[in-house]
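Residue numbering restarts at 1 for every chain, and letters A, B, ... go by the order of the sequence lines.
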Protein chains: 2
Amino acid sequence: MDIKMDIKMGIGALAKRTRCKVETIRYYEQTGLMPNPPRSSGGHRVYGDGHLKRLSFIRKARTLGFSMDNIKSLLALMEADHLSCGEVAEKAELHLKDVRQRIQALQNMEQTLSLTLADCHRGSNPECAIIDFFTQDADDD
Amino acid sequence: MDIKMDIKMGIGALAKRTRCKVETIRYYEQTGLMPNPPRSSGGHRVYGDGHLKRLSFIRKARTLGFSMDNIKSLLALMEADHLSCGEVAEKAELHLKDVRQRIQALQNMEQTLSLTLADCHRGSNPECAIIDFFTQDADDD
DNA sequence: CTATATATCTATAGTCACTAGAGATATAAG
DNA sequence: CTTATATCTCTAGTGACTATAGATATATAG
């Protein structure tokens, strides 16, 4: 009759299932991103299905680059009675903009680095592109 | 006869010319990335051309994503008697690899986010792609 | 010159998102 | 029951800054 009761697990098991360090889970609890779970008689944290879901969400959002603060408000929005996905989408869109800017910046880096490296002849040449590049100052203000 | 003597400037001027905050300059000094400069009679830091060059280098390398530790060793390499650009290039190449990986990761994010957002119909639809997306847990281990 | 405004000084604490360690207790496996 | 492993709390450290408070120095105006 217990084909699918809610799983109970310790912090280690939760950590394994979410690929999240134990310390990080406790840290999330401390900052309010995760709720205080019930405890065993000996004081160990006991987690259930809901915790697993919530932490999975948090980890997914974090690897997508959302800040903890952002995630906190996303969770709050999604927990409102009627899921107001409009507001969630708005936040996600803002974040997407930010991600795109970061890609741009990194691609600029990549260009500069790879071009500079291409011009470097590994010490055989007295005037080396890398050293030169770094040594010049861009003085325009 | 003083057509081009070495400029002397305070920390504020140096900050302006390198677009680097005053506090950051002092922080770099504290961590050993910048040397202790000479002081005025009243104890204010006095910088010259060399400091400007060094700080420009540091800022450029930082915006290229090099870590402070990395920059420290780059500077050490470049200050060796004979500029051994081979080692500098080696470090730069390693870093380039890292930059490329970060671009990849961000592009994955971008994909996921923009696809998910494209499927969201702003609350008009009861089953929203964003909410769905975040709510599913990827359980593969 | 003085009076004021601005710049700089030191030292300390805060940020974000974790990560690491010490030392004590709980639970699981043999 | 003994041991091994897991978990507990609390504190401090990371990187690269940023911010604050309160004191002193320098630049500018009159």
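- Comparing A:H44 and A:D69 by the nucleotide of DNA chain C whose heavy atom lies nearest to each, the residue mapping closer to the 5' end is A:D69.
- Atom CZ in A:R45 sits roughly 16 Å away from atom P in D:dA6 (whole-Å rounding).
- In this structure, B:E29 atom CD and C:dT8 atom P are separated by 14 Å, rounded to whole Å.
- Distance B:F66 CZ to D:dA16 C1': 17 Å, rounded to the nearest Å.
- For the pair A:V46 and A:H51, the tightest heavy-atom approach, listed with the atom from each and the gap, is O-CE1, 4.3 Å.
- Around the NZ atom of A:K8, the shell of radius 6.0 Å holds more than 12 heavy atoms that belong to other residues, nucleotides or ligands.
- Here B:S67 lies in heavy-atom contact (under 4.0 Å) with sugar-phosphate atoms only.
- A close approach under 4.0 Å does not occur between any side-chain nitrogen or oxygen of B:Y27 and OP1 or OP2 of D:dG15.
- If you find the closest nucleotide of DNA chain D to B:G43 and to B:R59, the one lying nearer the 5' end belongs to B:R59.
- Distance CG (B:L33) to C1' (D:dC17): 12 Å, rounded to an integer number of Å.
- Summarising the geometry, the separation between CD1 on A:I11 and C1' on D:dT5 is reported as 15 Å, rounded to the nearest angstrom.
- Rounded to the nearest 0.5 Å, atoms CE (A:M68) and CG (A:L33) are 5.0 Å apart.
- Spacing between atom CD1 of A:I25 and atom C1' of D:dT9 amounts to 16 Å, rounded to whole angstrom units.
- For the pair A:R62 CZ and C:dA17 P, the interatomic distance rounds to 5 Å; values are reported in whole Å.
- At the phosphate of C:dA17, neither OP1 nor OP2 sits under 4.0 Å from any side-chain N or O atom of A:Y28.
- Taken to the nearest 0.5 Å, the CZ atom of B:R54 stands 12.5 Å off from the CG atom of B:L14.
- Between C:dC9, D:dA19, C:dC18, one nucleotide has an atom nearer to the side chain of A:T24 than all others, and that is C:dC18.
- Within 4.0 Å (heavy atoms only), A:T31 reaches no atom of the nucleic acid at all.
- The nearest pair of heavy atoms linking A:Y28 to A:C20 is CE1-SG, 4.3 Å.
- Projected onto DNA chain C by closest heavy-atom contact, B:A13 and A:S41 fall at different nucleotides, the more 5' of which corresponds to B:A13.
- Between the C1' atom of D:dT7 and the CZ atom of A:R26 lies a distance of 6 Å, rounded to the nearest Å.
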